[in-house]
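In listed order, ligands and their atoms are each counted from 1.
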Amino acid sequence: MKTPTISTLVFFLALVFSSSCAASAVGDVDGFLECLMEEFQNYTSISSFVYTPINSSFPSVLNFSIRNMRFSLDSTPKPQVIITPEHEYQIPPIIYCAKGNQLQIRTRGGGHDFEGRSYVTDVPFVIIDLLKLSEVTVDARQKTAWVGAGATIGMLYYRIAEKSPTLAFPAGFSPTVGVGGHFSGGGYGILLRKYGLAADNVIDARIVDANGRILTRKSMGEDLFWAIRGGGGASFGVILAWKVRLVDVPETVTVFTIGRTLEQNATQLIHRWQYVAPKFERNLFLRIVARRANASEDGSKLTIRASFNSVFLGRIDRLLALMQKYFPELGLVREDCTEMSWIQAILYNVGLPIDSREVLLNRTQPGVRYYKGKSDYVQKPIPISGFEGIWRLFYEPEGREAEILLTPYGGKMAEIPESAIPFPHRAGNLYKLHHMAYWKAEDAQNADKYINWIRRLYSYVAPYVSQSPRGAFLCYRDLDIGVNNNEGVVSIETARVWGTKYFKNNFDRLVQVKTRVDPGHFFREEQSIPPRPRWTGKDDI
Ligand SMILES: Cc1cc2nc3c(=O)[nH]c(=O)nc-3n(C[C@H](O)[C@H](O)[C@H](O)COP(=O)(O)OP(=O)(O)OC[C@H]3O[C@@H](n4cnc5c(N)ncnc54)[C@H](O)[C@@H]3O)c2cc1C
Ligand SMILES: *[C@@H]1O[C@H](CO)[C@@H](O)[C@H](O)[C@H]1NC(C)=O
Ligand SMILES: *[C@@H]1O[C@H](CO)[C@@H](O)[C@H](O)[C@H]1NC(C)=O
Ligand SMILES: *[C@@H]1O[C@H](CO)[C@@H](O)[C@H](O)[C@H]1NC(C)=O
Ligand SMILES: *[C@@H]1O[C@H](CO)[C@@H](O)[C@H](O)[C@H]1NC(C)=O
Ligand SMILES: *[C@@H]1O[C@H](CO)[C@@H](O)[C@H](O)[C@H]1NC(C)=O
Ligand SMILES: *[C@@H]1O[C@H](CO)[C@@H](O)[C@H](O)[C@H]1NC(C)=O
């Protein structure tokens with residue numbers, strides 16, 4: 001709450017002045033910065049959290065949360081301004097000033113969006129990067145936690161483990177994933193068959209809406225609270241924090257990862273897995289990651305290696321008995337298994353040393369890559385020949401580093417009604433099929449080759465996956481499935497093309513919520529839910 005000093009004002013006038021030559025026709029950056037300075041007069045100097053391109057830290061602040069190298073090229077469109085708020089009250093004025101100066105907002109949490117939507121777009125825009133709003137407060141007695149929207153899931157896991165070894169939260173694998181995008185897009189991990197998605201376990205939230213009001217579950221209304229749990233935060237406001245319900249896990253869990261190549265019957269095992277993994281008891285989570293591998297030392301003969309990766313909420317003996325009964329073909333033996341604590345299992349699953357839990361607090365993702373991802377839902381087992389066709393694509397040059405990941409559904413996932421939250425892919429789905437194409441820096445300019453390859457894979461699997469609509473997972477955002485028209489009023493029918501893939505019948509309810517809370521479509525992006533056009537006749541809601 002301090003007044004700006006003369007020197008900061010002078011600094012900002014210089015900044016406003018010098019950025020004017022870069023100002024764009026649509027968004028008025030100067031107007032925006034002037035507006036911010038006016039708004040913050042009685043607060044704090046804005047120079048501590050507002051970055052324009054003339055600031056030497058601008059490129060590193062932008063790059064800090066880029067999690068797909070595909071969007072860190074010189075040719076990638078850059079924001080006009082990056083703002084890193086330190087307090088919630090700093091956000092409403094940003095909304096107000098952006099609205100008044102026709103600048104779009106991109107809210108960034110952990111920056112893991114597959115298509116970079118939290119920090120890239122073709123129109124003039126401002127990034128609100130929430131990384132400093134990352135406080136996590138765990139109440140172990142109530143089994144709840146408040147999580148700042150800029151926190152990562154690793155931070156949440158760490159703070160829970162600090163309080164209790166038998167409490168957990170059902171979110172994703174990679175600790176650097178941000179709760180902003182992850183919880184608002186659904187978010188799944190090891191515990192999905194037992195407890196559902198992250199979004200299924202959100203019990204309250206704080207959000208800044210298009211009018212710059214800070215709302216909680218009570219004041220936002222149940223329809224908006226429904227929408228932000230799986231409908232994507234970016235369509236509805238800036239989420240400030242989530243309150244979540246923690247879940248119970250045993251003191252000891254068992255993990256294993258075993259690889260099988262084609263020579264070791266990988267295809268038959270994957271085929272069989274489709275019949276058993278979605279039906280296991282819900283304490284048993286067994287997923288598959290398949291990729292190309294060398295069958296011979298010199299790399300002259302190729303194969304596919306399927307990695308069967310599991311966490312069982314129980315001890316070795318019961319796990320062995322279950323596997324012997326339902327999936328003996330995999331040949332799991334005691335030596336493959338390790339008992340450990342829940343927090344160690346989280347580290348184990350991402351290949352980190354299991355006794356180094358401090359790394360969960362580190363928001364820098366090691367080994368950020370160039371990639372394009374897509375998703376599908378499988379409702380009836382894919383025949384052996386279907387997998388063999390996938391392997392043929394993996395043997396092409398662009399398949400060198402590609403992966404498919406198979407995540408079993410069933411259990412709790414099949415019990416939650418399709419309309420409980422906007423995420424609709426529940427009963428009837430055996431598993432989620434996730435496609436990934438990766439490439440190296442030297443191919444940065446040849447990304448199209450790999451993107452075309454993954455599109456061919458996607459066409460190839462079409463007969464084997466869900467249809468009408470062909471399901472897709474919002475957390476694995478894919479602009480190929482459709483985008484809004486980027487000028488004028490967004491057509492609901494255009495948005496419905498991609499909207500029903502992510503949300504099925506929940507799309508219409510999302511439109512209804514959007515129409516109530518953001519009729520002017522201020523929170524707009526390539527795949528934002530459009531409001532109904534203003535209606536002058538009868539009430540159409
Ligand atoms: C390495 C990696 C591993 C992953 N693992 C998993 C996994 O195990 N399980 C899973 O379900 N998904 C996983 N994902 C996908 C991940 O859940 C999504 O990419 C998710 O959207 C990431 O959230 P974020 O905050 O990091 O991303 P961001 O890029 O910051 O945000 C994603 C979207 O949400 C919006 N958004 C973010 N924060 C807010 C906010 N506070 N208010 C409003 N809108 C907001 C952004 O504008 C953007 O549209 C993974 C992704 C990567 C890259
Ligand atoms: C603070 O704001 C009020 C009006 O909002 C204004 O009257 C006052 O002069 C401001 N104080 C300072 C120190 O700028
Ligand atoms: C860049 O921005 C930071 C934080 O806003 C500020 O502390 C710093 O002085 C700025 N540096 C330059 C060179 O403008
Ligand atoms: C951006 O960050 C990535 C890792 O996240 C790093 O590999 C790359 O070198 C950084 N680029 C720049 C220009 O700092
Ligand atoms: C592969 O399967 C065949 C037939 O089911 C079986 O005879 C063979 O032993 C299996 N091979 C391995 C390595 O498990
Ligand atoms: C496979 O062999 C090739 C050629 O020797 C080599 O370049 C590549 O790194 C090997 N790949 C793996 C995964 O070992
Ligand atoms: C955080 O992780 C990154 C990437 O693995 C690493 O380079 C960095 O040193 C780590 N930072 C800390 C403080 O451990």
Side-chain angles (χ1 to χ4, degrees), residues 65-68 71 85 91 104-121 125 127-131 133 147-153 170-190 192 197-199 205-208 228 230-242 260-269 272 287 291-303 305 329-331 349-350 363 365-369 371 373 375 400-401 405 407 423 432 434 436 473-477 523 525-528:
S65 292
I66 293 184
R67 298 290 174 256
N68 186 343
F71 302 108
I91 297 175
Q104 284 198 17
I105 289 288
R106 289 291 178 277
T107 305
R108 186 156 75 170
H112 287 62
D113 192 89
F114 277 19
E115 300 275 20
R117 287 313 96 189
S118 55
Y119 55 90
V120 181
T121 187
F125 71 109
I127 295 179
I128 303 180
D129 190 324
L130 297 177
L131 84 173
L133 297 181
V147 193
T152 62
I153 56 176
F173 294 87
S174 283
T176 56
V177 166
V179 304
H182 190 64
F183 293 7
S184 64
Y188 79 94
I190 299 165
L192 96 160
L197 304 174
R206 294 170 62 76
I207 186 173
V208 181
I228 57 175
S235 291
F236 298 100
V238 178
I239 293 152
L240 301 171
W242 304 103
R260 294 286 185 262
T261 62
L262 296 186
E263 293 68 30
Q264 295 164 316
N265 290 345
T267 311
Q268 290 77 5
L269 291 171
R272 179 72 190 140
R287 64 173 180 154
R291 56 173 81 93
R292 193 168 114 179
N294 288 337
S296 60
E297 288 264 316
D298 63 355
S300 61
K301 188 168 181 294
L302 297 174
T303 187
R305 178 187 301 278
E329 301 88 341
L330 188 60
N349 261 283
V350 284
R363 34 186 335 136
Q365 184 195 318
V368 175
R369 302 173 73 180
Y371 73 88
S375 58
R400 192 181 54 212
E401 307 209 13
L405 299 91
T407 302
F423 173 96
K432 176 162 61 58
H434 172 194
M436 288 292 266
F473 180 32
L474 183 62
C475 275
Y476 294 170
R477 189 198 298 279
F523 288 105
E525 53 143 70
E526 290 73 4
Q527 289 181 337
S528 56

Show me which atoms of ligand 1 lie under 4.0 Å from any heavy atom of [X].
X    : value
L130 : 41 (N)
G111 : 24 (P), 26 (O), 27 (O), 28 (P), 29 (O), 30 (O)
G233 : 43 (C), 44 (N)
C475 : 15 (C), 16 (C), 17 (O), 18 (C), 19 (O)
S174 : 1 (C), 3 (C)
G172 : 7 (C), 8 (O), 9 (N)
A234 : 43 (C), 44 (N), 47 (O), 49 (O)

Please work out whether any backbone atom (N, CA, C, O) or any side-chain heavy atom from C-beta onward of [X] is under 4.0 Å from ligand 1, and answer side chain, backbone, both or neither.
X    : result
Y119 : neither
R108 : both
Y476 : side chain
A149 : side chain
T152 : neither
R106 : neither

Which of these, [options], has its nearest heavy atom closest to [atom]?
atom                    : options                : result
atom 6 (C) of ligand 1  : V368, V177, L197, V120 : V177
atom 37 (C) of ligand 1 : G148, A151, G181, S235 : G181
atom 2 (O) of ligand 6  : N294, D298, L302       : N294

- Query: Does some non-hydrogen atom of the protein lie less than 4.0 angstrom from atom 11 (N) of ligand 5?
  - Reply: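 Protein heavy atom within 4.0 Å of atom 11 (N) of ligand 5: present.
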- Would a 4.0 Å cut-off, counted as strictly less than, catch a protein heavy atom around atom 7 (O) of ligand 5?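 Within 4.0 Å: no protein heavy atom nearby.
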Please report which non-hydrogen protein atom sits nearest to [atom], along with the residue it belongs to and the distance in Å to one decimal place.
atom                    : value
atom 42 (N) of ligand 1 : I239 N, 2.9 Å
atom 13 (C) of ligand 5 : Q264 CA, 4.0 Å
atom 17 (O) of ligand 1 : H182 ND1, 2.7 Å
atom 9 (N) of ligand 1  : Y188 O, 2.8 Å
atom 47 (O) of ligand 1 : T107 O, 2.6 Å
atom 4 (C) of ligand 5  : N265 ND2, 4.6 Å
atom 29 (O) of ligand 1 : S118 OG, 2.6 Å
atom 22 (C) of ligand 1 : H112 CB, 3.6 Å

Any heavy atom of [X] sitting closer than 4.0 Å to ligand 1?
X    : answer
Y371 : yes
G237 : yes
F473 : yes
G187 : yes
G189 : no

- From CA spacing to verdict: side-chain contact (heavy atoms from CB on, under 4.5 Å), L197, H182: CA-CA 10 Å; L197 304 174; H182 190 64; over 6 Å; no
Taking both backbone and side-chain atoms of [X], is any N or O found less than 3.5 Å from an N or O belonging to ligand 1?
X    : result
Q365 : no
G178 : yes
F114 : no

I'd like to know if [X] pairs up with [Y] as an ion pair, taking the criterion as any Lys NZ or Arg NE/NH1/NH2 lying under 4.0 Å from an Asp or Glu carboxylate oxygen.
X    : Y    : result
E525 : R117 : no
K301 : E263 : yes
R477 : E526 : no

- Are any side-chain N or O atoms of T176 and backbone N or O atoms of Q365, one a donor and one an acceptor, separated by less than 3.5 Å?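 Here the side-chain-to-backbone pair does not exist.
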- Query: Is R287 reaching over with its side chain to a backbone N or O of L405, donor-acceptor style, under 3.5 angstrom?
  - Reply: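 Checked: no pair found.
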